Visitor: 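After the structure tokens below, expect a handful of questions from me.
Below, all heavy atoms of this structure are taken into account, side chains as well, without hydrogens, waters or symmetry copies. Keep in mind that this is a model prediction, so the values were computed, not measured.
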Amino acid sequence: MNPLALTIFLLSLAIGTTITLSSFHWLLAWVGLEINTLAIIPLMTKTPHPRAIEAATKYFLTQAAASALILFSALINAWQTGEWNINSLTDLPMNALSIALMMKLGLAPLHFWMPEVLQGISLPTGLILSTWQKIAPMTLLLQTSHLLNLNLTIALGLTSILIGGWGGIGQTQLRKIMAFSSIGHLGWIIVILKFNPQLSLFNFVLYLIMTAAMFMSLISVSSTKMSQISASWSKTPALSTTTMLVMLSLAGLPPLTGFAPKLLITLELVKQNATLLAAIIMLISLLALFFYLRLTYIITMTLSPNTPSSLVTWRTTPKSYSSTAVINTLALILLPLTPTLLLM
């Protein structure tokens with residue numbers, strides 16, 4: 001792609017999110033979301049492949065439907081209350097708006113586009129789709145969290161955690177696994193959103209760090225399938241090890257970063273007398289743990305003492321992975337800093 005065009009699209013992505021983040025009027029928030037959607041479509045179709053075109057079409061249609069629903073709920077609200085500001089919503093528009101924003105995020109049962117779209121695009125675009133594109137809708141949900149319908153958030157959160165674990169088990173494609181992982185993590189965020197928005201935001205930030213770390217590791221070892229990641233040890237031994245640890249962090253195992261949100265959300269649910277809900281989501285998230293462990297097991301099978309099935313690539317040009325190293329470190333060792341981050 002032309003560097004000038006690429007710069008314009010990336011700037012549009014940044015501007016779209018910034019407009020939504022700083023808006024107090026529903027029309028401005030909607031405009032920001034629209035700019036975001038339109039700016040990523042050329043990035044998706046950067047490689048002119050039928051799968052990429054199909055993914056971009058699916059993404060456009062679902063995002064356009066969600067945007068229409070957001071505009072509709074804002075109009076109904078303006079008709080009922082005479083106000084356009086974000087915090088004055090009545091029940092019916094609020095429910096429609098929550099569903100539209102959750103559709104934009106890719107939460108179950110409105111998740112069907114997410115694995116398909118992520119599978120059809122390149123890893124760098126997948127990184128943008130899984131991290132940056134989630135910021136604007138999530139911010140709107142956080143801003144209106146006190147008006148959310150509790151039953152709706154819990155139902156969608158539980159379904160997302162279940163689908164995120166269940167859908168990922170039978171996959172061999174790493175991008176689809178990351179899509180289901182994203183659905184599961186967003187489910188955890190949505191479950192706690194009404195109870196404690198601050199904790200939800202903290203969880204979302206950690207989700208962004210861990211997902212970015214995972215995608216950047218996959219980009220560095222250029223793997224999109226399980227069979228490719230199993231042969232990554234011979235290319236980059238250190239990166240293979242940290243990728244494996246990032247997967248365990250995504251699974252939420254202590255003492256890695258991913259354990260902090262799971263522990264804090266469970267504690268908050270127990271405090272709110274939702275012990276049964278806490279127990280159910282912990283049991284369901286064991287499904288996701290299974291496929292993360294399977295991935296780490298595949299990598300460990302070719303770790304140092306074992307004989308790898310592939311030939312050792314001894315004439316590769318050494319590359320510097322400084323940005324990947326920084327974000328991988330954050331994805332692994334933020335657990336001791338959790339109290340400090342929560343008090344900020």
Side-chain angles (χ1 to χ4, degrees), residues 20-21 23-27 29-30 32-33 62-63 65-114 134-164 182-204 207 261 264-282 284-285:
T20 306
L21 260 62
S23 62
F24 196 67
H25 192 287
W26 272 119
L27 266 181
W30 172 79
L33 290 168
T62 48
Q63 298 295 311
S67 289
L69 194 49
I70 288 170
L71 202 54
F72 172 71
S73 57
L75 280 167
I76 293 287
N77 185 63
W79 181 40
Q80 286 182 345
T81 62
E83 288 187 21
W84 280 92
N85 68 339
I86 281 179
N87 288 319
S88 62
L89 281 166
T90 49
D91 284 346
L92 175 69
M94 188 60 226
N95 288 344
L97 182 89
S98 326
I99 289 167
L101 289 172
M102 288 171 189
M103 184 174 175
K104 272 192 170 294
L105 286 167
L107 281 158
L110 309 162
H111 69 285
F112 293 99
W113 62 271
M114 180 81 180
K134 307 282 185 207
I135 294 173
M138 185 51 78
T139 311
L140 289 175
L141 276 177
L142 283 162
Q143 280 179 297
T144 54
S145 60
H146 58 289
L147 301 165
L148 282 170
N149 182 337
L150 184 62
N151 294 332
L152 180 72
T153 54
I154 287 177
L156 264 78
L158 265 175
T159 318
S160 298
I161 298 168
L162 182 63
I163 296 289
S182 173
I183 294 164
H185 278 277
L186 289 166
W188 276 88
I189 295 167
I190 292 297
V191 159
I192 203 70
L193 189 57
K194 178 83 173 172
F195 296 113
N196 191 336
Q198 188 194 0
L199 182 54
S200 216
L201 177 62
F202 171 71
N203 191 355
F204 182 60
Y207 156 78
L264 292 168
I265 287 172
T266 311
L267 284 172
E268 183 63 33
L269 287 172
V270 171
K271 263 190 229 168
Q272 302 278 0
N273 291 325
T275 318
L276 181 64
L277 176 64
I280 290 169
I281 62 172
M282 278 197 291
I284 295 173
S285 61

Visitor: Where is the tightest heavy-atom contact between L110 and M102, given as atom of each residue plus distance?
Guide: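 Heavy atoms only, the tightest pair is CD1-C, 4.5 Å.
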Visitor: For the atom pair OG (S145) and CD (Q198), what is the distance rounded to the nearest 0.5 Å?
Guide: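 Between atom OG of S145 and atom CD of Q198 there are 11.5 Å.
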Visitor: Can you name the closest pair of heavy atoms from S160 and A108 and give their distance?
Guide: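 Closest approach of S160 to A108: OG-N, 3.0 Å.
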Visitor: Does the side chain of L71 reach to within under 4.5 Å of the side chain of W26, using non-hydrogen atoms?
Guide: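 The answer is no; the side chains never approach within 4.5 Å.
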Visitor: Which pair of heavy atoms, one from A136 and one from L33, lies closest together, and at what distance?
Guide: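 Minimum heavy-atom contact is CB-CD2, 3.7 Å.
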Visitor: If you look at every heavy atom in S67 and W30, which pair is closest and at what distance?
Guide: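 Heavy-atom minimum between the residues: O-NE1, 3.3 Å.
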Visitor: Once side-chain hydrogen bond (donor to acceptor under 3.5 Å, both in side chains) is applied, do any residues pair with S88, and if so which ones, sequence neighbours excluded?
Guide: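 side-chain hydrogen bond (donor to acceptor under 3.5 Å, both in side chains) check on S88 returns E83, N85.
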Visitor: What are the two closest non-hydrogen atoms of I161 and I281, and how far apart are they?
Guide: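 Answer, listing the atom of I161 first, then I281: CD1-CG2, 3.6 Å.
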Visitor: Does atom CG of D91 have more than 12 heavy-atom neighbours, drawn from other residues, nucleotides or ligands, at distances under 6.0 Å?
Guide: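 Atom CG in D91 is not packed in, count stays at 12 or less.
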Visitor: Return the CD1 to CG distance between I189 and L105, rounded to the nearest 0.5 Å.
Guide: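 I189 CD1 to L105 CG: 8.5 Å, rounded to 0.5 Å.
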Visitor: Give the minimum heavy-atom separation between N77 and L89, together with the two atoms involved.
Guide: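 Scanning both residues, the minimum pair turns out to be OD1-CA, 3.3 Å.
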Visitor: Fit a plane to each ring of H185 and Y207, take the angle between them on a 0 to 90° scale, and name the class: parallel (under 30°), tilted (30 to 60°) or perpendicular (over 60°).
Guide: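 Plane angle between 30° and 60°, so tilted.
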